Structures are given as structure tokens and as C-alpha cells.
Amino acid sequence: MAEKERVETSEAQIAVHWQEEGYYYPSTKFVAQANMTDETIYERFSLDNFPNCYKEYADLLEWYEYWHTILDTSDAPCWKWFVGGKINASHNCIDRHLKNHKNKTAIHFVPELEEEKTEHITYQELYVRVNEFAAILRDFAGLKKGDRVTLHMPMCAELPITMLACARLGIIHSEVFGGFSGRACADRIVDSQSNVLITMDAYYRNGKLLDHKQNADIALKLAKEDGQIVDKVLVWQRYPGKNSSPAPMVENRDYFVNDLLKDYYGARVAPVPIAAEDPLFLMYTSGTTGKPKGCQHSTAGYLAYATGTSKYILDIHPEDVYWCMADIGWITGHSYIVYGPLSLGASTIIFEGVPTYPDAGRAWRIAQDLDVNIFHTAPTTIRALRKIGPDEPAKYNYHFKHMTTVGEPIEPEVWKWYHKEVGKGEAIIVDTWWQTETGGFLCSTMPAITPMKPGSAGPAVPGIHPVIYDEEGEILAAGSGKAGNICIQNPWPGAFQTIWGDRDRFVSTYYERYNKDPNSKDWRDWPYLTGDAAVQAEDGYYRILGRIDDVINVSGHRLGTKEIESAALVVEEVAEAAVVPVAHDIKGKEPDLYIALKPGVEPSEALSKKISDAICEEIGKIAKPRFVLLVKDMPKTRSGKIMRRVLSSISNNKDVGDVTTLANPEIVTEIQEMMKKK
Ligand code: PRX
């Protein structure tokens, strides 16, 4: 039962405890234009009005058939929202805007190379391109409603085009972050049983054109070894009409989309009415075991929640220019680059590259040139921009009304720089706490209603009712000063429906811990375990401290320690592997990897590198450890359990505490000495 094993070192245990800060208030100018200024929203979305309150979000969408049951709990804890409704996400993100806004930019695609022109795709053009590609998916690839298709695409306009073409037909898309390796892509192809892969030949990163097609070849080979055959690979081209990858195209398997499109010119595909609770997409994320989980998101509930929270928390109006710098390969990009903003008819920016290339001013030039007024990014990026160009924002003439931070706790000091320098003291900030599983925000201030407090994710958003439990299941009250496991008491429409193909794991990971009765059909008996530790201040604001499980958050990317450990164990010389999170001033956390070698194997620099390379190959560069330490033995309990807590203290330069009860206390000093030399 690896899933349920208690972990000795969690992120929360090495979390920083900041001082309480004072409030910051939005300007009257911001409030005057905000989408939501009515304080009764909290009352309307109170538990007394649950679940009917969510009709407000459903009514932001266009339906083919209106739903009859707002929440069906008969299959608890797999909640069904808006049952009886029929809807199409592609229609809601595109077609419904054509009448009034066809000539408006839906997507600004900004290439990484500054000398390349930004592409402005109008809603009409998006409509045409999505229709033509949908015709390829249906008529050439033979895909139909309910089929899964894996996407391994970088940041490009073709990614939302592909997603929306899938959504038009009810095909379940599963986008794998472009920076993930072929191996990681293969695992997701196998788990979702996809027989079509959609990819791109190349993309720019830090000024270099990377060969991406090669990952598809690796993925297909490895997927085949695991029994999943992909028969078609659709390859978008970074430069249409030109192949930018040296990887050969395999005959009768690999097809350039741009070649196929010639046969589908002018094709139109009517959006298929999809049952509200049919899945829209899968998004794989890391958990306690080595195997990533396919979070299954619904069509109507998800879209309603992404749209509602984009409107009220991100304050997106149709005339806004909105830039979220996350990657669409993560949930933030799905909800808050693609589905939310396009459902509201806004202009959303897709930036191919890194904000620090070619220099620290790049992000602000984009903001100035496109007149961006809503900006959304992660603390890791804010820290990096602050470090390399603290005075850069002031050099550019842009004005944000609203800024978001997401993905990890933000230090008050960094928050204040973001507010003063990036936001020029004018923009409000929302610190949004949520997860791949939750589809949309859980905690955040309401920008025109509740004041901001640096270092705090704010109160729960309307309609979300958290509770913090201690290990015994007692509720920790606001202002108690005690941290516990933050859970959500009630279901909400954006929540994922299950783990693809593994309902038992879904129930045991997220609902078993504080469940009151496994046979209950009453949602009140099923608090959702987020996996985060949190503390609630007297004013009701939550401070998220980090993960309580085997998950570490590196630059806002969620990685499983077990995933990294399993990757290390692929190297034949490795006997045991242990990963611990280390505090890092830009990335938030990074992994340190401790390795015990098999008997008779000599440690060497080359071997450390081999292990590090194996991790990049198995998962991707984002998982690369800071150090690979080849130790003689792991510190262990007498029952043989690796003491990650001790390793974590060594990595984080902290007191290791009492180690005399270990089976091998002498190894601790030896490892400490090794670390000093690093
Ligand atoms: O630990 C929390 C942290 O990121 C985890 C979720 O990661 P992921 O599923 O990749 O989704 C990231 C984007 C929503 C959470 O369990 N986290 C996310 N947002 C915050 C945060 N920690 C503190 N403050 C936040 N605003």
C-alpha cells in the first residue's frame, strides 16, 4: 500500500513561516471597472445555498440542452454536475463569439525570436483553423467522441487549435508538457490508450530551435514495448511548409498537418452536443507513487468553473488583453490561457519562449507592445525576473490592472516587488491556490472585494468551503496558529471526476482520509483531501505551507519524489535512491538525490552524471537534481526505512536532530562531510 505510506519529509515540514503582513487595497479605478463588486456573492455561494449557487456559473455558457439536475451524488464521491445538459466547449470558446467579435484577436502568438512577427489570430480565423483540423481528426485520423488522443506540443497557437478541434468532436485530449521526455510521453500514451499522437517538429527555447519530433519517435517505440500501438502521428510545423526537425518521417505513420490541410480546405465540422459530464480532457499529474495520475475533467462543470473564475477572480472582460505566462502543458494553461479566457471572448497571449530571453526586458516589451492589462505568472518567474532585472519594468510603458501569482507560496518580499515594480503600484494581485485536480481556483481574494495580504492566498473563493483537520480529524479553528491538512468540504463543478481508469486510487487518495461513511451518498461525508498543509489566520485567510505527500514543487512544476527515484533506479548500478526537496531562492524547491550503489560498484563523477542524465531522459530536464550524492549507505531506521527527514536536514543545512536511534548513525556525519564539499 505504497499510496498510503506516511512520508517522513514533506515540503510542509521545511516550509518558511513568514510574519503576518498588513492589507493592501484595490484602487477605486480598479473597483469601478471590476466584473464583481457585489459583496453578497459570498452569501449567494454559502453552504446554505449549495449546490444551486453554481447555476450562476452554468449560465455563463450556451447550452444545446439545459441541465435538469445541478448535482447528482448517487455515485459518491464521483460527483456529476449539470446532469441532463448538452454542451460543446469549442462552440462556447469560438462560435458563440463570431456574431459580435469575429474580427477580434482571440490569440496573439508571440514567437520567442524577437525578430519574428507576432501572429494575431482572430476569432474567425480560429474558427476556420479549428474546423479544418477537426475534419482531419475525424475523417483522416478516424477519431470520434470518447477516444483519447495524446498531444505533446510546445507553446504555439496550434496547441489550443488542436485542443478545441478535439473538444468540437468530444475527443478527449491529453496534452503532455512539451518539456517532458519521450519516456514520460510514452507512459501517458499507454495509460490513456491513445492511438494517435499530435506533436510539432520543433520550437524555440532560450534562442535555440529544439528538435521535438525526436521525442515522438522515442515515445512510440517505448509505448509499443508496453503494448500500446500508435498508428498515426500528426506533426505540426513550426514553420509551415518547412521541416525543422532532422528526425525522419515514418511512411504511413507520420503526417505533416500542413500537407493534410490542403485536402481539408474549407471543411466545416458542426460542434457535437456533448453530455455535461462527458470528459473534456485528461491532465496527468504527479502523486505519491511513481505512476502519474490522469486527472479526468468534465466538459460542462469544468468549463463553467473555468469561465466563472476567469470572469470574477481574473476580472477578464472581452476587451482585455490577457497574458498568462504558464505553459498550456499544465492545468493553469488549460483553464486560464485557453478555456476560461476564450470562453469569455478575450484576447489571450501565447508566448513561445522564456521571459528572460534575450534579456530581462523581454516580458515587459511584450506587455507594452500588445498593451496587456492582465498578467498572470508564477513566483519562480517573478523571482527570476526580479533577480536579473529589478528595474526593468519601469523602463517600459505598460499598465496592468490585474496580476496573478500561482503555483507555490510567494514570499512577502517578492510579492511586494511584484506589486510595486511590475504592477507599478496600480495593479491588484490575486494569489491563487489550486491544483491540477481542482480545475480552477480554490483560494484567492476577490479582487474588488477582499483586500490583498502578501504571503497569503486569501480566503476561499465563493462556493469553496475549506476546513483544516489535524491528524485525528479535529478541526483546527481560524487563528489557532496550528497547521493541518486542508480539505474542501463541498464538491464544486471544476473538480476532476476521477483518475482515468483507476477509481479506487481516486477514492483512496483524495477521499478516504476524512471520509465519514464509505457508503454515504451525502457530499457532506466526503471532504476532499488536497494534499497541502495550511494554516488559517484569524481573518479567515489561508497560508499554504506546501505538500504533505511525496510531491515537490520545482519552479511551480509538480514532481513526484517517487517518480524521480524510479527514474534513478533505471541505472543498473543503483541500489537505492532517495529524493528530498531543497529550498532554492528562484525555483522554490529543487530535488537532491541520494544514491546507494550496488555492492562492488565504485562511486565516480561519471556515474553521478549518468544518473542525472537518466532522470532528464526518463522525466525531463525540469526534474534534474541539484546534486547526485553517491553515499555508502542511507541513514535508516532499525526496521530498514530510509530516513528522508535526516537527508532533508542535511540538504537544507539544518540540524539533523537526534539520530542515535538509527541503525547506522555514523553514516550521517559522513554524508554531512560529503555535502560540505559540494
Ligand atoms: O502545493 C500546492 C501548490 O501547487 C500544488 C498543485 O500543483 P499543480 O497540480 O501542478 O497545479 C499548479 C497550478 C494550479 C498545490 O497542491 N500551489 C499551487 N498554487 C499555490 C500553491 N502553493 C501556495 N500558493 C499557491 N498560490
Side-chain angles (χ1 to χ4, degrees), residues 10-16 18 175 177 179-180 282-288 292-295 297 305-306 309 313-314 324-337 340 376-382 403-412 414-415 418 429-445 452-461 464 466 483 485-488 494-496 499 509-510 528-535 541-561 563 581 587-589 622-623:
S10 66
E11 277 204 353
Q13 278 173 287
I14 57 168
V16 189
W18 302 308
E175 154 70 1
F177 169 57
F180 270 147
L282 304 179
M283 167 64 62
Y284 282 83
T285 191
S286 299
T288 307
K293 309 174 270 201
C295 294
H297 281 282
Y305 199 69
T309 48
I313 314 285
L314 299 180
C324 171
M325 226 159 43
D327 195 292
I328 300 175
W330 307 114
I331 192 71
T332 303
H334 274 49
S335 301
Y336 299 121
I337 297 179
H376 187 150
T377 193
T380 183
T381 308
I382 304 169
M403 305 194 299
T404 300
T405 164
V406 61
E408 27 162 355
I410 180 165
E411 300 80 352
V414 177
W415 191 101
Y418 193 34
I429 297 180
V430 289
D431 180 345
T432 56
W433 168 66
W434 60 297
Q435 313 175 300
T436 304
E437 292 88 338
T438 71
F441 304 141
L442 296 175
C443 279
S444 163
T445 49
M452 306 161 252
K453 189 163 77 173
S456 166
V461 301
I464 298 290
N485 300 330
I486 184 164
C487 297
I488 311 299
F496 71 140
I499 294 175
T509 309
Y510 299 98
Y528 166 78
L529 179 76
T530 64
D532 279 322
V535 55
Y541 281 40
Y542 293 92
R543 178 171 291 177
I544 307 300
L545 302 173
R547 304 286 310 184
I548 56 170
D549 55 11
D550 282 346
V551 167
I552 61 175
N553 195 330
V554 182
S555 301
H557 301 318
R558 181 167 156 184
L559 298 169
T561 51
E563 261 173 276
K587 298 180 186 176
K589 300 276 168 5
I622 51 167

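All values derive from a computational prediction rather than experimental measurement. In listed order, ligands and their atoms are each counted from 1.
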What part of [X] sits under 4.0 Å from ligand 1 if we count only heavy atoms: the side chain, the backbone, both or neither?
X	result
Asn553	side chain
Glu408	backbone
Asp532	side chain
Ala457	neither

In the protein, what heavy atom is nearest to [atom], and what distance, to one decimal place, separates them?
atom	value
atom 17 (N) of ligand 1	Gly407 O, 3.1 Å
atom 7 (O) of ligand 1	Arg558 CD, 3.5 Å
atom 13 (C) of ligand 1	Thr332 OG1, 3.5 Å

Between [X] (side chain only) and [Y] (backbone N and O only), is there a donor and an acceptor less than 3.5 Å apart?
X	Y	answer
Thr432	Thr405	yes
Ser456	Tyr542	yes
Tyr510	Gly531	no

- Query: Between Phe496 and Trp434, does the ring centre distance come in under 6.0 Å?
  - Reply: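 Judged by ring-centre distance (under 6.0 Å), Phe496 and Trp434 do not meet the cut-off.
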- Query: Which option, Thr436, Val406, Val430, Thr438, owns the non-hydrogen atom nearest atom 8 (P) of ligand 1?
  - Reply: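 Checking each option, the heavy atom nearest atom 8 (P) of ligand 1 is found in Thr436.
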- Taking the minimum heavy-atom distance to atom 12 (C) of ligand 1, which of Trp434, Phe441, Trp330 ranks first?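 The option holding the nearest heavy atom is Trp434.
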- Query: With sequence neighbours excluded, what pairs up with Thr285 under the side chain to side chain contact (heavy atoms under 4.5 Å, CB included) test?
  - Reply: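 Applying side chain to side chain contact (heavy atoms under 4.5 Å, CB included) to Thr285 gives Lys293, Cys295, Thr436, Glu437, Arg558.
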- Message: Could you tell me if Thr309 and Tyr336 have a donor-acceptor pair between their side chains, going purely by distance under 3.5 Å?
- Response: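 There is such a pair (donor and acceptor under 3.5 Å, judged by atom type) between the side chains of Tyr336 and Thr309.
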